[in-house]
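Below you'll find the structure, written out as C-alpha coordinates, and then a few comments.
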Protein chains: 2
Amino acid sequence: MARLKRPLAQAPPRQRILHAARDLFYREGINAVSVEAIAATAGTNKMTLYRHFSSRDELVAAYLTELAAEGEGVWEAARAAHPGDPDAQLRFLLRQVSQFAAQSSGRGCALANAAVELAERKHPARRIVEAHKRRQRERLVALVREAGYARPERVADELFLLVEGARVSLQSVGREGPGSRLYALAEALLDSAPKKKSVKA
Amino acid sequence: MARLKRPLAQAPPRQRILHAARDLFYREGINAVSVEAIAATAGTNKMTLYRHFSSRDELVAAYLTELAAEGEGVWEAARAAHPGDPDAQLRFLLRQVSQFAAQSSGRGCALANAAVELAERKHPARRIVEAHKRRQRERLVALVREAGYARPERVADELFLLVEGARVSLQSVGREGPGSRLYALAEALLDSAPKKKSVKA
DNA sequence: AAGCGATGTTACGCATCAGTACCATCGATG
DNA sequence: CATCGATGGTACTGATGCGTAACATCGCTT
(Lines give C-alpha, C1' and ligand atoms only; values in the text may rest on other atoms or scores of the structure.)
Protein backbone atom coordinates (compact mmCIF):
# COMPACT_ATOMS: atom_id res chain seq x y z
CA MET A 1 0.00 0.00 0.00
CA ALA A 2 2.73 2.41 0.89
CA ARG A 3 5.42 3.31 -1.55
CA LEU A 4 8.78 1.71 -1.26
CA LYS A 5 11.15 3.69 0.86
CA ARG A 6 13.85 4.94 -1.37
CA PRO A 7 17.24 5.21 0.23
CA LEU A 8 17.25 8.55 1.94
CA ALA A 9 20.10 9.83 -0.16
CA GLN A 10 17.86 10.12 -3.20
CA ALA A 11 14.62 10.91 -1.47
CA PRO A 12 13.00 14.23 -2.35
CA PRO A 13 14.66 17.22 -0.72
CA ARG A 14 11.85 18.06 1.62
CA GLN A 15 12.07 14.65 3.18
CA ARG A 16 15.84 14.78 3.47
CA ILE A 17 15.64 18.19 5.08
CA LEU A 18 13.10 17.08 7.63
CA HIS A 19 15.18 14.04 8.41
CA ALA A 20 18.31 16.10 8.91
CA ALA A 21 16.46 18.69 10.97
CA ARG A 22 15.07 16.02 13.17
CA ASP A 23 18.45 14.52 13.84
CA LEU A 24 20.22 17.80 14.49
CA PHE A 25 17.45 19.53 16.41
CA TYR A 26 17.18 16.61 18.76
CA ARG A 27 20.85 15.95 19.33
CA GLU A 28 22.18 19.50 19.46
CA GLY A 29 19.12 21.47 20.48
CA ILE A 30 16.83 23.55 18.34
CA ASN A 31 18.55 26.86 18.96
CA ALA A 32 22.02 25.47 18.38
CA VAL A 33 21.49 24.38 14.78
CA SER A 34 21.67 26.68 11.80
CA VAL A 35 19.64 26.24 8.67
CA GLU A 36 22.88 25.98 6.77
CA ALA A 37 23.92 23.01 8.85
CA ILE A 38 20.57 21.36 8.27
CA ALA A 39 20.72 21.90 4.54
CA ALA A 40 24.27 20.58 4.36
CA THR A 41 23.38 17.50 6.39
CA ALA A 42 20.44 16.94 4.08
CA GLY A 43 22.78 17.04 1.10
CA THR A 44 21.28 20.20 -0.27
CA ASN A 45 21.49 23.92 0.42
CA LYS A 46 19.75 26.79 2.10
CA MET A 47 17.95 27.90 -1.04
CA THR A 48 16.17 24.62 -1.54
CA LEU A 49 15.34 24.52 2.12
CA TYR A 50 13.62 27.88 1.90
CA ARG A 51 11.67 26.71 -1.13
CA HIS A 52 10.04 24.08 1.10
CA PHE A 53 9.83 25.94 4.39
CA SER A 54 9.08 29.61 4.40
CA SER A 55 11.11 30.22 7.54
CA ARG A 56 13.19 28.53 10.16
CA ASP A 57 10.29 28.58 12.58
CA GLU A 58 8.12 26.78 10.10
CA LEU A 59 10.73 24.06 9.82
CA VAL A 60 10.75 23.78 13.58
CA ALA A 61 6.99 23.52 13.57
CA ALA A 62 7.11 20.78 10.93
CA TYR A 63 9.70 18.94 13.00
CA LEU A 64 7.53 19.05 16.10
CA THR A 65 4.40 18.13 14.19
CA GLU A 66 6.12 15.08 12.81
CA LEU A 67 7.22 14.00 16.26
CA ALA A 68 3.76 14.53 17.68
CA ALA A 69 2.26 12.42 14.92
CA GLU A 70 4.64 9.59 15.69
CA GLY A 71 3.72 9.89 19.33
CA GLU A 72 0.13 9.27 18.35
CA GLY A 73 1.25 6.20 16.52
CA VAL A 74 2.39 4.52 19.71
CA TRP A 75 -1.14 4.59 21.02
CA GLU A 76 -2.41 2.87 17.94
CA ALA A 77 0.32 0.29 18.27
CA ALA A 78 -0.78 -0.37 21.82
CA ARG A 79 -4.39 -0.85 20.73
CA ALA A 80 -3.28 -3.16 17.98
CA ALA A 81 -1.03 -5.20 20.25
CA HIS A 82 -3.63 -5.73 22.97
CA PRO A 83 -7.07 -5.08 21.56
CA GLY A 84 -9.76 -4.86 24.17
CA ASP A 85 -7.29 -5.09 27.05
CA PRO A 86 -6.70 -1.56 28.34
CA ASP A 87 -4.51 -2.68 31.20
CA ALA A 88 -2.18 -4.49 28.82
CA GLN A 89 -2.21 -1.47 26.51
CA LEU A 90 -1.17 0.68 29.42
CA ARG A 91 1.76 -1.54 30.30
CA PHE A 92 2.70 -1.81 26.66
CA LEU A 93 2.91 1.95 26.40
CA LEU A 94 4.96 2.25 29.55
CA ARG A 95 7.32 -0.42 28.32
CA GLN A 96 7.77 1.38 25.02
CA VAL A 97 8.54 4.65 26.71
CA SER A 98 10.91 3.02 29.17
CA GLN A 99 12.82 1.25 26.46
CA PHE A 100 13.14 4.45 24.51
CA ALA A 101 14.38 6.27 27.57
CA ALA A 102 16.88 3.56 28.41
CA GLN A 103 18.43 3.29 24.98
CA SER A 104 18.07 6.82 23.78
CA SER A 105 20.91 9.25 23.50
CA GLY A 106 19.97 10.75 26.82
CA ARG A 107 18.32 13.81 25.38
CA GLY A 108 14.86 12.97 26.66
CA CYS A 109 11.61 14.03 25.08
CA ALA A 110 12.11 16.24 22.05
CA LEU A 111 8.76 17.91 22.53
CA ALA A 112 9.43 18.81 26.13
CA ASN A 113 12.90 20.00 25.22
CA ALA A 114 11.40 22.26 22.61
CA ALA A 115 9.16 23.83 25.22
CA VAL A 116 12.21 24.54 27.32
CA GLU A 117 14.22 25.95 24.47
CA LEU A 118 11.49 28.13 23.03
CA ALA A 119 10.70 30.16 26.08
CA GLU A 120 8.66 32.90 24.47
CA ARG A 121 5.18 31.99 25.44
CA LYS A 122 3.71 33.12 22.16
CA HIS A 123 6.02 31.03 20.02
CA PRO A 124 3.97 28.99 17.57
CA ALA A 125 5.92 25.85 18.33
CA ARG A 126 4.76 25.92 21.92
CA ARG A 127 1.16 25.43 20.87
CA ILE A 128 2.12 22.22 19.14
CA VAL A 129 3.92 20.90 22.19
CA GLU A 130 1.21 21.92 24.61
CA ALA A 131 -1.55 20.43 22.50
CA HIS A 132 0.34 17.18 22.18
CA LYS A 133 1.14 16.83 25.86
CA ARG A 134 -2.40 17.64 26.89
CA ARG A 135 -3.75 15.08 24.48
CA GLN A 136 -1.34 12.49 25.78
CA ARG A 137 -2.46 13.14 29.31
CA GLU A 138 -6.14 12.94 28.41
CA ARG A 139 -5.62 9.67 26.66
CA LEU A 140 -3.70 8.37 29.61
CA VAL A 141 -6.51 9.26 31.99
CA ALA A 142 -9.01 7.60 29.68
CA LEU A 143 -6.95 4.45 29.37
CA VAL A 144 -6.37 4.18 33.10
CA ARG A 145 -10.11 4.62 33.62
CA GLU A 146 -10.90 1.96 31.04
CA ALA A 147 -8.49 -0.37 32.77
CA GLY A 148 -10.69 -0.09 35.82
CA TYR A 149 -8.40 1.60 38.32
CA ALA A 150 -9.89 3.58 41.13
CA ARG A 151 -9.04 7.29 41.07
CA PRO A 152 -7.99 7.19 37.43
CA GLU A 153 -6.89 10.82 37.35
CA ARG A 154 -4.55 10.32 40.23
CA VAL A 155 -3.02 7.17 38.80
CA ALA A 156 -2.70 8.73 35.37
CA ASP A 157 -1.08 11.85 36.75
CA GLU A 158 1.41 9.80 38.69
CA LEU A 159 2.30 7.85 35.59
CA PHE A 160 2.48 11.01 33.54
CA LEU A 161 4.86 12.67 35.96
CA LEU A 162 6.99 9.55 36.26
CA VAL A 163 7.37 9.39 32.51
CA GLU A 164 8.12 13.08 32.08
CA GLY A 165 10.50 12.99 35.00
CA ALA A 166 12.34 10.00 33.62
CA ARG A 167 12.88 11.77 30.34
CA VAL A 168 14.24 14.99 31.74
CA SER A 169 16.34 13.38 34.37
CA LEU A 170 18.19 11.51 31.67
CA GLN A 171 19.89 14.78 30.89
CA SER A 172 20.99 15.55 34.41
CA VAL A 173 21.58 12.27 36.20
CA GLY A 174 22.27 10.24 33.12
CA ARG A 175 21.22 6.81 32.04
CA GLU A 176 22.19 5.02 35.23
CA GLY A 177 19.80 7.22 37.15
CA PRO A 178 16.21 6.62 38.07
CA GLY A 179 15.09 7.09 34.51
CA SER A 180 16.35 3.64 33.66
CA ARG A 181 14.08 2.13 36.28
CA LEU A 182 11.00 3.79 34.88
CA TYR A 183 9.19 0.65 33.90
CA ALA A 184 9.77 -1.09 37.20
CA LEU A 185 8.50 1.94 39.07
CA ALA A 186 5.47 2.40 36.87
CA GLU A 187 4.58 -1.27 37.00
CA ALA A 188 4.88 -1.35 40.75
CA LEU A 189 2.62 1.65 40.88
CA LEU A 190 0.01 -0.06 38.74
CA ASP A 191 0.25 -3.33 40.61
CA SER A 192 -0.35 -1.65 43.93
CA ALA A 193 -3.07 0.70 42.68
CA PRO A 194 -6.52 -0.47 43.73
CA LYS A 195 -9.05 -1.37 41.08
CA LYS A 196 -12.49 0.03 41.19
CA LYS A 197 -15.37 -2.30 41.96
CA SER A 198 -16.73 -2.71 38.47
CA VAL A 199 -20.09 -1.03 38.77
CA LYS A 200 -20.52 -0.05 35.19
CA ALA A 201 -21.23 -2.28 32.28
CA MET B 1 25.96 38.53 61.39
CA ALA B 2 25.29 39.24 57.73
CA ARG B 3 25.52 42.67 56.25
CA LEU B 4 22.45 44.67 55.67
CA LYS B 5 21.04 44.18 52.22
CA ARG B 6 21.39 47.41 50.41
CA PRO B 7 18.68 48.13 47.89
CA LEU B 8 19.74 46.31 44.79
CA ALA B 9 19.99 49.48 42.78
CA GLN B 10 23.14 50.51 44.62
CA ALA B 11 24.58 47.09 45.30
CA PRO B 12 27.99 46.37 43.81
CA PRO B 13 27.90 45.65 40.09
CA ARG B 14 28.76 42.00 40.34
CA GLN B 15 25.74 41.38 42.49
CA ARG B 16 23.45 43.39 40.24
CA ILE B 17 24.72 41.52 37.21
CA LEU B 18 24.15 38.13 38.80
CA HIS B 19 20.69 39.17 39.84
CA ALA B 20 19.80 40.36 36.35
CA ALA B 21 21.31 37.27 34.76
CA ARG B 22 19.32 35.07 37.04
CA ASP B 23 16.07 36.76 36.18
CA LEU B 24 16.64 36.84 32.44
CA PHE B 25 18.24 33.42 32.07
CA TYR B 26 15.38 31.82 33.89
CA ARG B 27 12.52 33.65 32.23
CA GLU B 28 13.78 33.84 28.66
CA GLY B 29 16.19 30.94 28.50
CA ILE B 30 19.96 30.97 28.70
CA ASN B 31 20.59 31.04 24.99
CA ALA B 32 18.05 33.75 24.34
CA VAL B 33 19.67 36.44 26.46
CA SER B 34 22.57 38.59 25.36
CA VAL B 35 25.22 39.92 27.70
CA GLU B 36 24.20 43.40 26.64
CA ALA B 37 20.68 42.78 27.85
CA ILE B 38 21.97 41.47 31.16
CA ALA B 39 24.26 44.43 31.66
CA ALA B 40 21.50 46.86 30.80
CA THR B 41 19.04 45.18 33.17
CA ALA B 42 21.71 45.33 35.85
CA GLY B 43 22.02 49.05 35.29
CA THR B 44 25.55 48.80 33.98
CA ASN B 45 27.26 47.89 30.74
CA LYS B 46 29.08 45.12 28.99
CA MET B 47 32.48 46.39 29.93
CA THR B 48 31.87 46.18 33.64
CA LEU B 49 30.29 42.79 33.18
CA TYR B 50 33.41 41.48 31.55
CA ARG B 51 35.50 42.90 34.37
CA HIS B 52 33.70 40.51 36.73
CA PHE B 53 33.13 37.52 34.49
CA SER B 54 35.76 36.53 32.00
CA SER B 55 33.23 35.15 29.54
CA ARG B 56 29.56 34.57 29.03
CA ASP B 57 29.97 30.91 29.91
CA GLU B 58 31.51 31.84 33.21
CA LEU B 59 28.52 34.00 33.99
CA VAL B 60 26.26 31.09 33.17
CA ALA B 61 28.32 28.89 35.45
CA ALA B 62 28.06 31.43 38.26
CA TYR B 63 24.31 31.60 37.71
CA LEU B 64 23.95 27.84 37.98
CA THR B 65 26.29 27.61 40.94
CA GLU B 66 24.21 30.16 42.79
CA LEU B 67 21.04 28.23 42.11
CA ALA B 68 22.60 24.97 43.18
CA ALA B 69 23.74 26.56 46.43
CA GLU B 70 20.23 27.76 47.14
CA GLY B 71 18.95 24.30 46.41
CA GLU B 72 21.25 23.02 49.12
CA GLY B 73 19.77 25.59 51.45
CA VAL B 74 16.36 23.97 51.29
CA TRP B 75 17.76 20.81 52.80
CA GLU B 76 19.18 22.74 55.70
CA ALA B 77 15.86 24.47 56.16
CA ALA B 78 14.17 21.09 56.32
CA ARG B 79 16.60 19.86 58.96
CA ALA B 80 16.09 23.03 60.93
CA ALA B 81 12.31 22.84 60.71
CA HIS B 82 12.02 19.23 61.81
CA PRO B 83 15.22 18.20 63.55
CA GLY B 84 15.51 14.51 64.12
CA ASP B 85 12.34 13.73 62.19
CA PRO B 86 13.37 12.57 58.73
CA ASP B 87 9.86 11.76 57.64
CA ALA B 88 8.71 15.29 58.44
CA GLN B 89 11.79 16.67 56.70
CA LEU B 90 10.86 14.70 53.62
CA ARG B 91 7.34 16.05 53.56
CA PHE B 92 8.62 19.53 54.25
CA LEU B 93 10.86 19.34 51.22
CA LEU B 94 8.10 18.04 49.01
CA ARG B 95 5.81 20.77 50.17
CA GLN B 96 8.41 23.40 49.39
CA VAL B 97 8.97 22.07 45.90
CA SER B 98 5.27 21.77 45.25
CA GLN B 99 4.58 25.29 46.34
CA PHE B 100 7.36 26.57 44.16
CA ALA B 101 6.03 24.64 41.20
CA ALA B 102 2.48 25.83 41.78
CA GLN B 103 3.26 29.51 42.07
CA SER B 104 6.23 29.76 39.78
CA SER B 105 6.17 31.32 36.39
CA GLY B 106 5.81 27.93 34.79
CA ARG B 107 9.38 27.65 33.67
CA GLY B 108 10.22 24.70 35.90
CA CYS B 109 13.63 23.88 37.26
CA ALA B 110 16.31 26.25 36.08
CA LEU B 111 19.03 23.64 36.46
CA ALA B 112 17.19 21.07 34.41
CA ASN B 113 16.35 23.68 31.81
CA ALA B 114 20.02 24.54 31.55
CA ALA B 115 20.84 20.92 30.82
CA VAL B 116 18.32 20.97 28.01
CA GLU B 117 19.55 24.23 26.57
CA LEU B 118 23.24 23.43 26.75
CA ALA B 119 23.23 20.27 24.74
CA GLU B 120 26.94 19.92 24.14
CA ARG B 121 27.89 17.21 26.54
CA LYS B 122 31.23 18.76 27.31
CA HIS B 123 29.81 22.12 28.25
CA PRO B 124 31.15 23.13 31.68
CA ALA B 125 27.72 24.16 32.87
CA ARG B 126 26.47 20.61 32.47
CA ARG B 127 28.86 19.37 35.12
CA ILE B 128 27.34 21.75 37.61
CA VAL B 129 23.83 20.61 36.83
CA GLU B 130 24.71 16.94 36.85
CA ALA B 131 26.60 17.17 40.10
CA HIS B 132 23.74 19.00 41.72
CA LYS B 133 21.05 16.63 40.57
CA ARG B 134 23.03 13.59 41.58
CA ARG B 135 23.62 15.04 45.00
CA GLN B 136 19.95 15.80 45.37
CA ARG B 137 19.07 12.27 44.52
CA GLU B 138 21.61 10.81 46.93
CA ARG B 139 20.33 12.98 49.71
CA LEU B 140 16.81 11.96 48.89
CA VAL B 141 17.69 8.29 49.07
CA ALA B 142 19.44 8.85 52.38
CA LEU B 143 16.53 10.76 53.83
CA VAL B 144 13.99 8.19 52.72
CA ARG B 145 16.15 5.50 54.26
CA GLU B 146 16.46 7.44 57.50
CA ALA B 147 12.71 7.83 57.56
CA GLY B 148 12.52 4.05 57.70
CA TYR B 149 10.81 3.22 54.44
CA ALA B 150 11.33 -0.17 52.93
CA ARG B 151 13.06 -0.15 49.55
CA PRO B 152 14.36 3.38 50.03
CA GLU B 153 15.93 3.59 46.59
CA ARG B 154 12.66 2.78 44.93
CA VAL B 155 10.67 5.27 46.99
CA ALA B 156 13.29 7.96 46.50
CA ASP B 157 13.43 7.39 42.77
CA GLU B 158 9.68 7.62 42.51
CA LEU B 159 9.69 10.88 44.40
CA PHE B 160 12.58 12.17 42.36
CA LEU B 161 10.84 11.43 39.09
CA LEU B 162 7.57 12.89 40.31
CA VAL B 163 9.31 16.12 41.24
CA GLU B 164 11.28 16.37 38.04
CA GLY B 165 8.23 15.49 36.00
CA ALA B 166 6.14 18.12 37.74
CA ARG B 167 8.67 20.78 36.94
CA VAL B 168 9.02 20.01 33.26
CA SER B 169 5.39 19.40 32.66
CA LEU B 170 4.67 22.91 33.86
CA GLN B 171 6.03 24.08 30.57
CA SER B 172 3.91 21.85 28.39
CA VAL B 173 0.63 21.23 30.17
CA GLY B 174 0.72 24.37 32.24
CA ARG B 175 -0.13 25.09 35.81
CA GLU B 176 -3.51 23.38 35.81
CA GLY B 177 -1.84 20.14 34.88
CA PRO B 178 -0.60 17.35 37.08
CA GLY B 179 2.29 19.44 38.30
CA SER B 180 -0.03 21.35 40.58
CA ARG B 181 -1.02 18.14 42.29
CA LEU B 182 2.54 17.17 43.04
CA TYR B 183 2.28 17.32 46.79
CA ALA B 184 -0.89 15.29 46.96
CA LEU B 185 0.62 12.63 44.74
CA ALA B 186 3.88 12.51 46.63
CA GLU B 187 2.17 12.40 50.00
CA ALA B 188 -0.11 9.61 48.89
CA LEU B 189 2.94 7.74 47.72
CA LEU B 190 4.62 8.11 51.08
CA ASP B 191 1.52 7.23 53.02
CA SER B 192 1.06 4.01 51.11
CA ALA B 193 4.73 3.07 51.09
CA PRO B 194 5.52 0.33 53.60
CA LYS B 195 7.92 1.03 56.41
CA LYS B 196 10.74 -1.28 57.15
CA LYS B 197 10.68 -3.32 60.34
CA SER B 198 13.22 -1.32 62.31
CA VAL B 199 16.00 -3.83 62.68
CA LYS B 200 18.83 -1.42 63.13
CA ALA B 201 19.52 0.74 66.10
C1' DA C 1 15.03 18.85 -29.62
C1' DA C 2 12.46 22.49 -27.02
C1' DG C 3 10.63 23.98 -22.87
C1' DC C 4 9.80 24.15 -18.03
C1' DG C 5 9.81 23.33 -13.26
C1' DA C 6 12.56 21.80 -9.48
C1' DT C 7 17.02 21.85 -7.78
C1' DG C 8 22.03 23.31 -7.02
C1' DT C 9 25.51 27.18 -6.37
C1' DT C 10 27.36 31.46 -5.21
C1' DA C 11 27.18 35.71 -3.48
C1' DC C 12 24.92 39.04 -1.12
C1' DG C 13 22.37 42.34 2.70
C1' DC C 14 21.13 42.92 7.21
C1' DA C 15 20.99 41.99 11.92
C1' DT C 16 22.82 40.24 16.28
C1' DC C 17 26.19 39.02 19.40
C1' DA C 18 30.68 38.01 22.07
C1' DG C 19 34.51 40.24 23.40
C1' DT C 20 37.90 44.34 23.39
C1' DA C 21 40.17 49.10 23.04
C1' DC C 22 40.01 53.47 24.53
C1' DC C 23 38.80 57.20 27.15
C1' DA C 24 35.90 59.75 30.66
C1' DT C 25 34.36 59.87 35.37
C1' DC C 26 33.80 59.28 40.17
C1' DG C 27 35.11 58.22 44.91
C1' DA C 28 38.05 56.97 48.38
C1' DT C 29 42.67 57.36 50.20
C1' DG C 30 47.23 59.49 50.81
C1' DC D 1 44.74 68.51 46.41
C1' DA D 2 46.72 64.53 43.87
C1' DT D 3 46.37 59.74 42.78
C1' DC D 4 44.62 55.47 41.72
C1' DG D 5 41.37 51.89 41.28
C1' DA D 6 36.75 50.77 39.97
C1' DT D 7 33.08 51.96 37.03
C1' DG D 8 30.49 54.10 33.01
C1' DG D 9 30.23 55.01 27.98
C1' DT D 10 31.21 54.56 23.11
C1' DA D 11 32.78 52.47 19.27
C1' DC D 12 34.79 48.92 17.09
C1' DT D 13 36.14 43.93 15.20
C1' DG D 14 35.19 39.41 13.85
C1' DA D 15 32.05 35.95 13.52
C1' DT D 16 27.62 33.88 12.79
C1' DG D 17 22.96 33.46 11.21
C1' DC D 18 18.51 34.33 8.62
C1' DG D 19 16.66 35.20 4.47
C1' DT D 20 17.07 36.57 -0.67
C1' DA D 21 18.79 37.53 -5.52
C1' DA D 22 20.61 35.95 -9.57
C1' DC D 23 22.20 32.49 -12.34
C1' DA D 24 23.48 27.61 -13.71
C1' DT D 25 21.86 22.90 -14.26
C1' DC D 26 19.35 18.72 -14.47
C1' DG D 27 15.37 15.87 -15.60
C1' DC D 28 11.10 15.17 -17.31
C1' DT D 29 7.40 16.00 -20.47
C1' DT D 30 5.71 17.12 -25.16
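First the proteins, then the strands, lettered A, B, ... as listed; each starts at 1.
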At under 4.0 Å, does any side-chain N or O of A:T48 touch on OP1 or OP2 of C:dG8?
yes
May I ask you to say whether B:D191 pairs ionically with B:R91, meaning some side-chain N is under 4.0 Å from a carboxylate O?
yes
Separation of B:N45 atom CG from C:dT20 atom C1', in whole Å?
13 Å
Figure out the CE/P separation between A:M47 and D:dT25, and round it to whole Å.
18 Å
Name the closest nucleotide to the B:P13 side chain, picking from D:dC18, D:dT7, C:dA18.
D:dT7
A:I17 has an atom CD1; how far is it from atom P of C:dT7, in whole Å?
9 Å
Can you check the A:N31 CG to D:dT16 C1' distance for me, whole Å?
14 Å
Verify the neighbour count for atom CZ of B:R95: are there more than 12 heavy atoms of other residues, nucleotides or ligands below 6.0 Å?
yes
Take B:E36 and A:S55, find for each the nucleotide of DNA chain D with the closest heavy atom, and name the residue whose nucleotide sits nearer the 5' end.
B:E36
Expressed in angstrom and rounded to an integer, what is the separation of A:I30 atom CD1 from D:dC18 atom C1'?
16 Å
Respond yes when some side-chain nitrogen or oxygen of B:H52 is under 4.0 Å from OP1 or OP2 of D:dA6, and no when none is.
no
Rounded to the Å, how far apart are B:E58 CD and C:dA18 C1'?
14 Å
Round to the nearest Å and state the distance from A:R56 atom CZ to D:dC18 atom C1'.
9 Å
The reported gap from CD1 in B:I38 to CZ in B:F25 (rounded to nearest 0.5 angstrom) is 3.5 Å
Side chain of A:K46 only, heavy atoms from C-beta on: which candidate in D:dC18, D:dT7, C:dT9 is closest?
D:dC18
Measure CG/B:L49 against C1'/C:dT20 and give the value in whole Å, please.
13 Å
Would you say B:R51 places a side-chain N or O within less than 4.0 Å of OP1 or OP2 belonging to C:dA21?
no
Under 4.0 Å from OP1 or OP2 of C:dT7: is there any side-chain N or O of A:R16 that close?
no
Has the side chain of A:R167 got a donor or acceptor atom that lies under 3.5 Å from a matching backbone atom of A:G108?
no
Could you tell me how the ring of B:F100 sits relative to the ring of B:Y26: parallel (under 30°), tilted (30 to 60°) or perpendicular (over 60°)?
tilted
Taking D:dG8, C:dT9, C:dA18 as options, the one with an atom nearest any side-chain atom of B:Y50 is C:dA18
